Engineer: 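One structure coming up, written as structure tokens, with questions to follow.
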2 protein chains.
Amino acid sequence: MPSFGEYLRQCRERHLSEGDKNYSLRKTAQRLGIEPSYLSKIERGDFQPPSEEVIVNMAHDLGEDPDVLLAMAGKLSTDLREIILKRPKLFAQLLRELKEQPDHAILRITREVQDGEW
Amino acid sequence: MPSFGEYLRQCRERHLSEGDKNYSLRKTAQRLGIEPSYLSKIERGDFQPPSEEVIVNMAHDLGEDPDVLLAMAGKLSTDLREIILKRPKLFAQLLRELKEQPDHAILRITREVQDGEW
DNA sequence: TTAAGTATGTAGTATATACTACACACTATA
DNA sequence: TATAGTGTGTAGTATATACTACATACTTAA
């Protein structure tokens with residue numbers, strides 16, 4: 001699995017190789033509101049991943065999933081954290097149960113809740 | 001709802017008022033491996049809540065639920081964060097669905113997973 | 001061939017986090 | 001009436017987080 005920085009560079013260069021010249025390091029950095037040298041160091045792994053806000057902007061700019069990009073940076077989005085912290089006992093118990101469950105089981109629960117079977 | 005510091009002091013003073021003299025601020029701080037003045041300031045809300053490690057120690061020392069105490073400090077335990085970060089897409093979706101669900105629905109899911117109905 | 005655009009290197013900064021060390025004043029006990 | 005124990009106030013520190021500013025070297029298009 002690539003590191004956060006490597007993955008970021010891959011995404012950006014994919015856009016470039018598809019012919020969109022707006023995905024140079026400088027132009028991308030400008031859209032993100034950060035210094036090009038900062039983005040360079042993040043992509044190269046010289047610096048830690050940036051703040052949640054910048055990562056979410058990156059995800060939107062690159063067409064990636066914010067939660068996945070945040071996870072690659074070792075971060076959990078604030079809204080998810082708050083969902084858990086409002087009912088910590090309940091969610092702690094559920095999550096520790098689901099830890100060992102396969103993907104399809106979690107997906108199935110999600111679907112059933114969506115379908116209002118609760 | 002009391003703040004983290006207020007709640008901490010309530011817990012500690014409960015032990016004291018039940019006659020256990022080991023729950024003075026100084027002795028408690030010593031068991032926790034922190035300075036008494038630091039604990040004093042935390043309880044009074046002069047300082048931010050301490051690190052996850054110290055909060056978990058506090059919970060054990062006071063007979064409280066670590067996840068609840070961490071939540072009062074605005075923190076999520078590392079193990080729960082990691083459960084989510086390993087499958088961010090899956091858990092993000094589930095959590096955002098469960099956000100609006102009542103307690104009993106979440107409890108019911110937890111029980112059914114426990115009982116191996118999946 | 002020069003001007004614009006590319007990435008990168010060096011050297012900082014501001015703010016937050018997570019504490020320690022020690023002195024002080026008050027209170028209960030022996 | 002010492003002294004042991006109580007909580008608190010002042011003043012720091014070390015480390016991490018999240019960046020900026022500017023200079024430099026290389027590349028490409030006019």
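None of these values were measured; they are calculated from a predicted model.
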Engineer: Which salt bridge (charged side-chain N to carboxylate O under 4.0 Å, His left out) pairs, counting each pair once, include a residue from residues 33-47 of chain B, with sequence neighbours left out?
Structural biologist: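 Checked against salt bridge (charged side-chain N to carboxylate O under 4.0 Å, His left out) - neighbours excluded - the pairs reaching residues 33-47 of chain B are Arg9(B)-Glu43(B), Arg12(B)-Glu43(B).
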Engineer: With no hydrogens and no angle check, just 3.5 Å: does a side-chain donor-acceptor pair link Ser77(A) and Glu52(A)?
Structural biologist: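 Note: Ser77(A) and Glu52(A) side chains miss the donor-acceptor criterion.
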Engineer: With sequence neighbours excluded, what pairs up with Arg26(B) under the salt bridge (Lys or Arg N to Asp or Glu O under 4.0 Å) test?
Structural biologist: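 Per chain and number, Arg26(B) pairs via salt bridge (Lys or Arg N to Asp or Glu O under 4.0 Å) with no residue.
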Engineer: Can you find a heavy atom in the side chain of Asp67(A) that is under 4.5 Å from one in the side chain of Leu80(A)?
Structural biologist: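 Yes, side chains in contact.
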Engineer: For Glu64(A), give me all partners under salt bridge (Lys or Arg N to Asp or Glu O under 4.0 Å), at least two apart in sequence or on another chain.
Structural biologist: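 Partners of Glu64(A) under the salt bridge (Lys or Arg N to Asp or Glu O under 4.0 Å) test: Arg14(A).
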Engineer: Test of understanding: with side-chain contact (heavy atoms from CB on, under 4.5 Å), list the residues that count as partners of Lys27(A), not counting sequence neighbours.
Structural biologist: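 Testing Lys27(A) for side-chain contact (heavy atoms from CB on, under 4.5 Å), a comparison that skips the adjacent residues, returns Asn22(A), Ser24(A), Arg31(A).
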Engineer: Is there any ring-ring contact (aromatic ring centres under 6.0 Å, His included) pair reaching into residues 34-78 of chain A, and which pairs are they, with sequence neighbours excluded?
Structural biologist: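 Passing the test, one end in residues 34-78 of chain A: Tyr38(A)-Phe47(A).
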Engineer: With sequence neighbours left out, what residues match Tyr7(B) under ring pair (Phe, Tyr, Trp, His ring centres under 6.0 Å)?
Structural biologist: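 Expected list: none.
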Engineer: Using side chain to side chain donor-acceptor pair (under 3.5 Å) as the criterion, list what pairs up with Glu97(B), not counting sequence neighbours.
Structural biologist: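 So Glu97(B) forms a side chain to side chain donor-acceptor pair (under 3.5 Å) with Gln114(A).
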Engineer: All N/O contacts under 3.5 Å from nucleotides 21-27 of chain C to the protein, with atom names and distances to one decimal?
Structural biologist:
| residue | atom | partner | partner atom | Å |
| --- | --- | --- | --- | --- |
| dA21(C) | N6 | Ser37(B) | OG | 3.2 |
| dC22(C) | N4 | Ser37(B) | OG | 3.4 |

Engineer: Identify, with sequence neighbours excluded, every residue that meets salt bridge (Lys or Arg N to Asp or Glu O under 4.0 Å) alongside Arg87(A).
Structural biologist: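 Arg87(A) satisfies salt bridge (Lys or Arg N to Asp or Glu O under 4.0 Å) with Asp103(B) once adjacent residues are dropped.
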Engineer: Quick check on contacts: within residues 67-74 of chain B, what sits under 4.0 Å from DNA chain C by heavy-atom distance?
Structural biologist: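 DNA chain C contact set from residues 67-74 of chain B: none.
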Engineer: Roughly how many Å is it from CG in Leu25(A) to P in dT8(C), rounded to a whole number?
Structural biologist: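 Nearest whole value for this atom pair: 6 Å.
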Engineer: Determine the contact category for Ser40(B): base if any of its heavy atoms lies under 4.0 Å from a base atom, sugar-phosphate if only primed atoms, P, OP1 or OP2 are that close, otherwise nothing.
Structural biologist: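 Base, at least one base atom sits under 4.0 Å.
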Engineer: Mind checking which nucleotides bracket the chain B contacts on DNA chain D, 5' to 3', with an atom under 4.0 Å from a heavy atom?
Structural biologist: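 On DNA chain D, the outermost contacted nucleotides are dT6(D) to dT10(D).
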Engineer: In whole angstrom, give the distance that lies between atom CD1 of Ile42(A) and atom C1' of dG9(C).
Structural biologist: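 Taking atom C1' of dG9(C) as the reference, CD1 of Ile42(A) is at 15 Å.
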Engineer: Pick the closest DNA chain C nucleotide for Val54(B) and for Lys21(B) by heavy atoms, then say which residue is nearer the 5' end.
Structural biologist: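 Counting from the 5' end, the first nearest nucleotide belongs to Val54(B).
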Engineer: CZ of Arg9(A) versus C1' of dA7(C): gap in Å, rounded?
Structural biologist: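 Value for this atom pair: 7 Å.
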Engineer: Among residues at least two apart in sequence or on other chains, which ones pass salt bridge (Lys or Arg N to Asp or Glu O under 4.0 Å) with Asp65(B)?
Structural biologist: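 Asp65(B): no salt bridge (Lys or Arg N to Asp or Glu O under 4.0 Å) contacts found.
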